[in-house]
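Data first, discussion second: the structure below is written as structure tokens.
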Amino acid sequence: MKTKFMMIALFVALSFTASAQQYRTAAGLFIDVGDGSTWVGPTIKHYFSAENAIAGSVLFGNSWTVLSAEYSYNKPIAGANGLNWHVGVGPQLGLGNGHTQLYIRPATGLEFKIPSAPLALGFDWRPLWY
């Protein structure tokens, strides 16, 4: 099993709800960088309870397309309005160059929901096993 580290992923979500603390469903742009390559594509995240969410993305880069799904557990950081930490895991399917690869991606990071705007920014560390 080869290990590859993608050090930073940037998740920018435009919220479909106006809640100052949290959103229920958001769609946006996912930018994944860190190993010398850049992956970009649409993403969607949905909270099915206050702490549990699922997300899906379609990323494009380096003649590959990556389909991803992820479950995450999310908790607010006390005293930091709009700032949450999260941990999660999910599969990814890479398609390109006549090959198909299956990845397992754990993730941990922070997400900041700007209280006065329908915008959230997230920064994650996502190691990659395939």
Side-chain angles (χ1 to χ4, degrees):
M1 179 178 283
K2 185 175 180 180
T3 303
K4 191 177 188 183
F5 289 95
M6 301 242 180
M7 298 300 289
I8 303 168
L10 173 62
F11 169 72
V12 179
L14 298 175
S15 176
F16 291 128
T17 63
S19 170
Q21 290 291 329
Q22 185 67 298
Y23 56 86
R24 182 117 170 118
T25 302
L29 183 66
F30 196 104
I31 304 169
D32 193 341
V33 299
D35 71 341
S37 60
T38 301
W39 303 83
V40 178
T43 189
I44 189 164
K45 184 174 183 178
H46 176 75
Y47 280 86
F48 53 91
S49 74
E51 298 171 340
N52 300 286
I54 54 174
S57 302
V58 179
L59 304 175
F60 304 96
N62 296 338
S63 301
W64 282 78
T65 300
V66 176
L67 307 172
S68 69
E70 176 183 289
Y71 160 80
S72 65
Y73 178 79
N74 306 262
K75 287 292 276 187
I77 296 175
N81 188 22
L83 186 61
N84 288 350
W85 61 266
H86 63 268
V87 295
V89 66
Q92 288 187 332
L93 183 64
L95 308 166
N97 299 327
H99 295 60
T100 301
Q101 295 180 336
L102 179 62
Y103 316 113
I104 301 296
R105 300 272 327 245
T108 187
L110 298 172
E111 182 177 274
F112 179 65
K113 163 65 178 76
I114 299 171
S116 61
L119 184 66
L121 302 172
F123 299 92
D124 308 305
W125 178 65
R126 297 171 177 267
L128 174 66
W129 288 278
Y130 63 98

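FYI, side chains are in, hydrogens and waters are out, and symmetry mates aren't considered; it's all heavy atoms of this structure.
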Checklist entry - Applying salt bridge (Lys or Arg N to Asp or Glu O under 4.0 Å), which residue pairs with at least one partner in residues 62-72 are found, sequence neighbours left out? => result Glu70-Arg126

Item to check | Sequence-distant partners of Asn62, side-chain hydrogen bond (donor to acceptor under 3.5 Å, both in side chains), two or more places apart | outcome: none

Checklist entry - So do the side chains of Gln101 and Trp64 get within less than 4.5 Å of each other, counting heavy atoms only? => result yes

Checklist entry - Does His86 offer a backbone N or O that forms a donor-acceptor pair with the side chain of Ser72 under 3.5 Å? => result no

Next on the checklist: Restricting to side-chain contact (heavy atoms from CB on, under 4.5 Å), what partner residues turn up for Pro106, sequence neighbours left out?
Outcome noted: Val89, Pro127, Trp129

Item to check | Working for side chain to side chain contact (heavy atoms under 4.5 Å, CB included), residues Leu121 and Lys113 | outcome: CA-CA 7 Å; Leu121 302 172; Lys113 163 65 178 76; over 6 Å; no

Next on the checklist: A side-chain contact here means heavy atoms from C-beta on lying under 4.5 Å apart; do Ser68 and Trp39 qualify?
Outcome noted: no

Item to check | Residues Val40, Phe60; criterion side chain to side chain contact (heavy atoms under 4.5 Å, CB included); working and verdict | outcome: CA-CA 5 Å; Val40 178; Phe60 304 96; over 6 Å; no

Next on the checklist: Any non-hydrogen side-chain atom of Ile31 less than 4.5 Å from a side-chain atom of Thr38?
Outcome noted: yes

Checklist entry - Once you round to the nearest 0.5 Å, how far does NE2 of His46 lie from OG1 of Thr25? => result 4.5 Å

Next on the checklist: Apply side chain to side chain contact (heavy atoms under 4.5 Å, CB included) to residues Val58 and Thr65 and explain how you reach the verdict.
Outcome noted: CA-CA 7 Å; Val58 179; Thr65 300; 4.0 Å; yes

Next on the checklist: Using every non-hydrogen atom in the two residues, find where Ser57 and Thr43 come nearest and quote the distance to one decimal.
Outcome noted: OG-OG1, 2.8 Å

Checklist entry - Got a sec, which pairs hit salt bridge (Lys or Arg N to Asp or Glu O under 4.0 Å) with one end in residues 75-85, sequence neighbours left out? => result Glu51-Lys75

Next on the checklist: I'd like to check the side-chain contact (heavy atoms from CB on, under 4.5 Å) partners of Leu83; sequence neighbours left out, ordered by chain and number.
Outcome noted: Ile77, Ala80, Leu110, Phe112

Next on the checklist: Testing the basics here: between Ser63 and Asn97, what is the closest heavy-atom pair and its distance to 0.1 Å?
Outcome noted: CB-OD1, 3.8 Å

Checklist entry - Taking the inter-plane angle between the rings of Tyr47 and Tyr23 on a 0 to 90° scale, is it parallel (under 30°), tilted (30 to 60°) or perpendicular (over 60°)? => result perpendicular

Checklist entry - Below 4.0 angstrom, N of the basic side chain to O of the carboxylate: do Asp124 and Arg105 qualify? => result no

Checklist entry - Do you know which two heavy atoms are closest between Ala53 and Asn74, and how far apart they sit? => result CB-ND2, 3.8 Å

Item to check | Set of residues satisfying side-chain contact (heavy atoms from CB on, under 4.5 Å) with respect to Thr100, sequence neighbours excluded | outcome: Leu93, Leu95

Next on the checklist: I'd like to check Phe30 versus Leu59 (side-chain heavy atoms, cut-off strictly below 4.5 Å). Are they in contact?
Outcome noted: yes

Checklist entry - Between Tyr71 and Asn52, do the side chains contain an N or O donor and an N or O acceptor separated by less than 3.5 Å? => result yes

